[in-house]
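For reference, the structure discussed in these notes is given below.
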Amino acid sequence: MHVALTGATGFLGLRLVRELLARHRMLTVLAHAGSGGALHRIMRFYELTDAADEFDAGLADRLRIVDTDLTQPQLGLSAAAYRELADGVDVVWHSAGNIRLDDDPARLRRVNVEGTRNVLALAASGCRRPVVHHVSTAFVAGARREGVVYEDELDDGHGFENAYERSKYEAELLVRAWAREHRRPALVLRPGILVSDVPPHPELPEHPLQFIDDMLQTLLRGVGRPRAGGAPLRLRLAGHPRGHLNLMPVEDTARVMVELGARERSGGVETYHVVHGHDVPIGTVTAVMERLAPVRVEVVAQRPVDASPLEAATDLYPGFTPYLHHRRRYDDTRVRCALGASPSRRRVDLPYLLSGVLPPPPEPASLLSGGSASLP
């Protein structure tokens with residue numbers, strides 16, 4: 001079976017590469033033209049995550065890198081190269097996307113909507129009639145903040161928290177329309193917020209929760225940090241005291257997605273919520289914020305009328321702050337029926353989350369020098 005994957009060097013994509021290579025001899029990586037070094041980044045991922053011993057030195061020979069531009073017709077390829085690619089794949093995994101919640105709507109649509117349209121066109125052009133596996137998000141449920149979201153649901157009646165959610169919703173509509181038009185099966189996979197306990201590294205994709213660190217550091221540069229040894233800054237954020245979010249370990253997400261992809265398709269569009277069985281309280285998310293920056297976070301019912309400069313500056317991030325109100329849950333009955341177990345048994349708690357966003361502690365000097373430790 002010939003498999004192609006977009007987004008292979010992303011936070012999820014690198015894990016999908018690992019899982020797909022465990023099942024398939026070859027993998028075609030549709031890399032972003034001009035980004036350069038896709039093979040090197042994949043190889044470094046294996047080295048930095050202690051997975052290098054899983055594959056021999058022939059790993060590079062099992063990866064075919066094709067430079068593409070998902071936003072262009074025929075993926076920016078020549079007619080001959082496009083035909084060769086389209087006729088050579090049996091399964092197309094579409095994982096690439098713009099995940100910046102507050103990005104310009106036009107940029108989000110160009111990648112997430114038009115990019116999906118062009119990937120679907122590729123799948124429709126091939127003589128092998130490949131199956132499409134589309135990575136979406138559980139947050140296509142939009143601004144609905146309570147209740148249970150079911151896997152068959154897809155509507156915009158509640159609106160959306162940000163342009164990212166809307167773009168992914170529109171992409172799912174395209175997948176459904178494509179499956180109807182071509183009478184072909186498609187798999188839609190909706191993960192929760194992806195997390196990991198692998199410490200950050202400059203050569204690895206940024207952990208999604210590192211967005212919070214970037215946001216806090218930007219805010220503090222604008223209003224000034226507290227003096228060394230001084231009290232942390234008060235930060236009141238509007239939310240629900242019993243709010244919770246679904247944070248799903250990315251390693252388990254990739255494993256479950258590939259297991260679902262290996263199942264025989266029943267026809268039409270199959271949709272699965274790839275989510276954790278236990279949500280993370282908003283209080284745990286705010287505790288992460290307090291470890292990342294000198295702030296003391298309070299979740300309040302409404303935006304303070306006497307907002308401090310720091311609190312007022314959070315208005316610059318309208319795509320993130322509404323999630324502090326979320327109390328909804330995602331039904332994942334189909335995943336549990338298909339796999340016979342919960343998608344993840346890892347405990348996603350404060351220590352787990354901090355491991356993925358804080359730099360690892362430095363090695364003791366005695367270990368770095370090869371000497372032995374001694375008491376003074």
Side-chain angles (χ1 to χ4, degrees), residues 12 99 101 134-162 164-169 171-173 176 187-197 208-209 211-212 237-257 259-260 269-289 297 299-301 319-350 352-353 356:
L12 172 62
I99 61 172
L101 302 181
H134 174 70
V135 177
S136 183
T137 171
F139 288 82
V140 292
R144 176 182 177 180
R145 296 177 176 179
E146 299 178 334
V148 179
V149 180
Y150 294 94
E151 289 158 307
D152 280 332
E153 294 183 29
L154 183 65
D155 67 76
D156 59 354
H158 297 275
F160 298 94
E161 302 287 19
N162 49 59
Y164 165 75
E165 292 183 352
R166 179 176 290 278
S167 71
K168 297 297 285 185
Y169 163 81
E172 275 204 36
L173 291 180
R176 292 191 179 198
L187 183 67
V188 173
L189 302 156
R190 295 178 181 167
I193 299 173
L194 299 179
V195 293
S196 176
D197 61 351
L209 288 190
F211 163 80
I212 296 178
L237 296 175
H240 195 285
R242 295 187 299 279
H244 48 81
L245 291 172
N246 195 277
L247 306 185
M248 179 66 177
V250 66
E251 294 82 6
D252 293 336
T253 299
R255 173 183 54 79
V256 169
M257 285 183 173
E259 287 181 9
L260 291 171
V269 178
E270 300 175 43
T271 306
Y272 293 89
H273 280 152
V274 185
V275 294
H276 200 280
H278 299 281
D279 284 2
V280 173
I282 290 298
T284 301
V285 177
T286 59
V288 171
M289 297 174 70
V297 182
V299 177
V300 296
F320 164 72
T321 50
Y323 293 125
L324 300 179
H325 294 272
H326 279 220
R327 303 177 299 286
R328 70 190 185 204
R329 296 189 181 278
Y330 304 98
D331 175 69
D332 64 342
T333 300
R334 284 182 174 173
V335 174
R336 293 172 183 268
C337 289
L339 304 183
S342 174
S344 177
R345 297 184 180 180
R346 302 182 200 228
R347 182 181 177 87
V348 180
D349 54 12
L350 182 59
Y352 177 94
L353 295 176

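- For the atom pair CE of Met248 and OG of Ser196, the computed distance is 12.0 Å after rounding to the nearest 0.5 Å.
- Ion pairing between a basic and an acidic side chain is recognised when a charged N comes within 4.0 Å of a carboxylate O; Arg190 and Glu172 show such pairing.
- The CG atom of Leu324 sits 6.0 Å away from the CG atom of Leu237 when rounded to the nearest 0.5 Å.
- Here the straight-line distance linking atom CG of Leu194 with atom OG1 of Thr137 works out to 8.0 Å at 0.5 Å rounding.
- Within the 4.5 Å cutoff, no side-chain heavy atoms of Val250 are placed close to those of Val195.
- Smallest separation of non-hydrogen atoms from Pro241 and Val299: N-CG1, 4.4 Å.
- With hydrogens and angles disregarded, a donor-acceptor distance shorter than 3.5 Å links the side chain of Asn246 to the backbone of His276.
- Val188 and Ser136 get closest at one heavy-atom pair: CG1-CB, 4.0 Å.
- A donor-acceptor contact shorter than 3.5 Å links the side chain of Arg255 to the backbone of Pro343.
- Using a 4.5 Å heavy-atom cutoff, the side chains of Val285 and Ile212 are in contact.
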Steps toward side-chain contact (heavy atoms from CB on, under 4.5 Å) verdict (Val348, Leu353)
CA-CA 7 Å; Val348 180; Leu353 295 176; 3.8 Å; yes
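- Counting all heavy atoms, side chain and backbone alike, Ala138 lies closest to Arg328 at O-NH2, 4.0 Å.
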Salt bridge (Lys or Arg N to Asp or Glu O under 4.0 Å) assessment of Arg334 paired with Asp152
CA-CA 10 Å; Arg334 284 182 174 173; Asp152 280 332; 2.9 Å; yes
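- With a 4.5 Å cut-off on side-chain heavy atoms, Leu350 and Val288 count as touching.
- For His273 and Asp332, the side-chain atoms include no donor-acceptor pair closer than 3.5 Å.
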Evaluation steps, side-chain contact (heavy atoms from CB on, under 4.5 Å), between Leu339 and Glu259:
CA-CA 8 Å; Leu339 304 183; Glu259 287 181 9; 3.5 Å; yes
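- Distance check, rounded to the nearest 0.5 Å: CG of Asp252 to OG of Ser342 gives 8.5 Å.
- A donor-acceptor pair is defined here as one N or O able to donate and one able to accept, closer than 3.5 Å; no such pair exists between the side chain of Asp156 and the backbone of Gly159.
- Side-chain contact, Glu151 with Thr333: no donor N or O sits under 3.5 Å from an acceptor N or O.
- The backbone N or O of Val280 sits nowhere less than 3.5 Å from a side-chain atom of Thr284 that would complete a donor-acceptor pair.
- Counting only distance, with no hydrogens or angles, the side chain of Lys168 and the backbone of Val135 share a donor-acceptor pair below 3.5 Å.
- The heavy-atom pair separating Pro322 from Arg145 by the smallest distance is CB-NH2, 3.6 Å.
- The backbone N or O of Arg345 sits nowhere less than 3.5 Å from a side-chain atom of Arg347 that would complete a donor-acceptor pair.
- Under the 6.0 Å cut-off for aromatic ring centres, Tyr150 and Tyr330 do not qualify, their centroids lying 6.0 Å or more apart.
- Taken from OG1 in Thr271 to NE2 in His134, the straight-line distance is 9.5 Å, to the nearest 0.5 Å.
- No option in Tyr164, Phe160, Tyr323 other than Tyr323 meets the ring-ring contact (aromatic ring centres under 6.0 Å, His included) test with Phe139.
- For the residue pair Asn162 and Gly319, the shortest heavy atom distance occurs at ND2-O, 3.1 Å.
- Between atom CG of residue Leu189 and atom OH of residue Tyr272 there is a gap of 8.5 Å, rounded to the nearest 0.5 Å.
- No hydrogens or angles considered: nothing links the side chains of Glu146 and His326 as a donor-acceptor pair under 3.5 Å.
- With contacts defined as side-chain heavy-atom distances shorter than 4.5 Å, the pair Glu251/Arg346 qualifies.
- At a threshold of 4.0 Å, the pair Glu153-Arg144 counts as salt-bridged, since one of the basic side-chain nitrogens sits closer than that to a carboxylate oxygen.
- Counting non-hydrogen atoms of other residues, nucleotides and ligands closer than 6.0 Å to CG of Leu245 gives a total above 12.
- Annotation: side chain of Arg329 is in contact with side chain of His244 (closest heavy-atom distance under 4.5 Å).
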